[in-house]
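Single-structure report; data block below.
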Amino acid sequence: MERFLNRKVLLGVTGGIAAYKAAHVTRLLVKAGCEVQVVMTPSAHDFVTPLTLATLSKRPVLTELFARDGSGAWTDHVHLARWADVLVIAPATANTLAKMVHGICDNLLQACILSAACPVLVAPAMDLEMWKDPATQANLGQVKERGYWVVGPESGELASGLVGEGRMSEPERIVQELAARLQGASRLNGRTVLVTAGPTQEAIDPVRYIGNRSSGKMGFALAEEAAARGARVQLVTGPVALQLDRPGITRTDVGSAAEMAEACKRLAGACDAVIMSAAVADYRPAEPAGNKLKKKDAALEVRLEPTEDILASLGANKRAGQRIVGFALETDNELAHAQDKLVRKHLDLLVLNSLRDAGAGFATDTNKITLLAPGKDPHALPLMSKREAARAILDRLEEIL
Ligand code: CTP
């Protein structure tokens, strides 16, 4: 199977006979390019071994909210739920459906369900009579009403020998359904996107450089979110301390603005969109020393020359249909400067941060942005995580792609 679904999937496995199919669901998701974290309910252990699911998902399986060894250790369900792009509960028993309806939180999976901010797909599986029971049907109605995606169950021979509705949908159908719902709708699906991130370093001599405080977090969040929406992502990054947490991204590491310019110009031609979130140095030492500069008593003067404005070059050479997104970090007269940049650099979208806003800018995990597009009123967004900001930027990009 092609790697088409670069998502982080929290797979909840509950205690029914169809739990054996969770192994196949896990395998298909991993083959499709997903990272899968399995969370089993305690009773699911009676039906399938954690070792099977851990081996297939390449991660230890989680079950307990609190360690039972007296150590005080616990599993951070909030973090897990935030990590996930989607929560899939397959199989979902009648008991789990009932607990979901009432917000019961007596195991790790239920805590994840309650904490989930992402879409939740539910694949019920149970015997015919349990499925037909008015309590289950009422619970199912509520679950659907609350916006959970319900897939199946199907009709056929059940484990009990009875024939009727209650079989969990086949793993292939669950994965197809997931792909269709998650990225069928995204205009980034199948497109190629170039994202730049981090600072650049401009050499003064072999050991010293001029740099800036960019952490790369915003660019990495954009690259990961674009990949999650099915885009092929080229990430060109300056020196940062970040690791990528998702497949579907090709990373090119560069040092200086000139190296970033070379990489971007080489890659941009094949890209449907370019997002320049890197904090590229505007100036570099005109004559970097070949050897380490020795300390002297006199003042040291380093003459600086402008670097190439990569964004302006890409904007001037953009091909039909290509969309260029720039960033601006301003300290004063923000909107006027940003409008000017939008026009001057031929941009389709500009993301403005103001250093005057608390929580915006470098090194933080949050950002406060305003989106500007030609002919549109500026759209100011509230303070949000960089991941949420990445989603907002890509939602806007999808509108103009
Ligand atoms: N940028 C670039 N190449 C450069 C400098 C900046 O591609 N040499 C890009 C950044 O990645 C960002 C945008 O240009 O997307 C805005 O950078 P900024 O430094 O704010 O804009 P400037 O045009 O340099 O304007 P000013 O210095 O007046 O703020």
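Atom set for the values below is all heavy atoms of this structure, side chains included, hydrogens, waters and symmetry mates excluded. Order of appearance sets the numbers: ligands from 1, and atoms from 1 within every ligand. Index from 1, following the sequence.
For Thr307, every heavy-atom contact with ligand 1 shorter than 4.0 Å involves the side chain, none the backbone.
Put simply, the side chain of Gln110 gets close to the backbone of Ile104: a donor and an acceptor are under 3.5 Å apart.
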One pair to check against side chain to side chain contact (heavy atoms under 4.5 Å, CB included): Asp85 and Val9. What are the steps and the verdict? CA-CA 6 Å; Asp85 295 316; Val9 181; over 6 Å; no
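In plain terms, the two heavy atoms of Pro153 and Glu165 that are nearest each other are O-OE2, 3.9 Å.
Distance from atom 17 (O) of ligand 1 to its nearest protein heavy atom, with residue and atom name: Phe327 O, 3.8 Å. Ranking the protein heavy atoms by distance from atom 23 (O) of ligand 1 puts Lys345 NZ, 2.8 Å first. Nearest protein neighbour of atom 5 (C) of ligand 1, counting heavy atoms only, is Asp282 OD1, 3.1 Å. With respect to atom 3 (N) of ligand 1, the closest heavy atom belonging to the protein is Ile310 N, 3.0 Å.
Here the shortest heavy-atom distance to atom 26 (P) of ligand 1, taken over Lys341, Arg284, His337, Arg344, belongs to Lys341.
Ligand 1 has Ala281 within reach: a non-hydrogen atom of the residue lies less than 4.0 Å from it. At least one heavy atom of Glu308 sits less than 4.0 Å from an atom of ligand 1. Contact analysis leaves Ala257 out of contact with ligand 1, as no non-hydrogen atom separation drops below 4.0 angstrom.
No side-chain donor-acceptor contact under 3.5 Å links His24 and Glu170.
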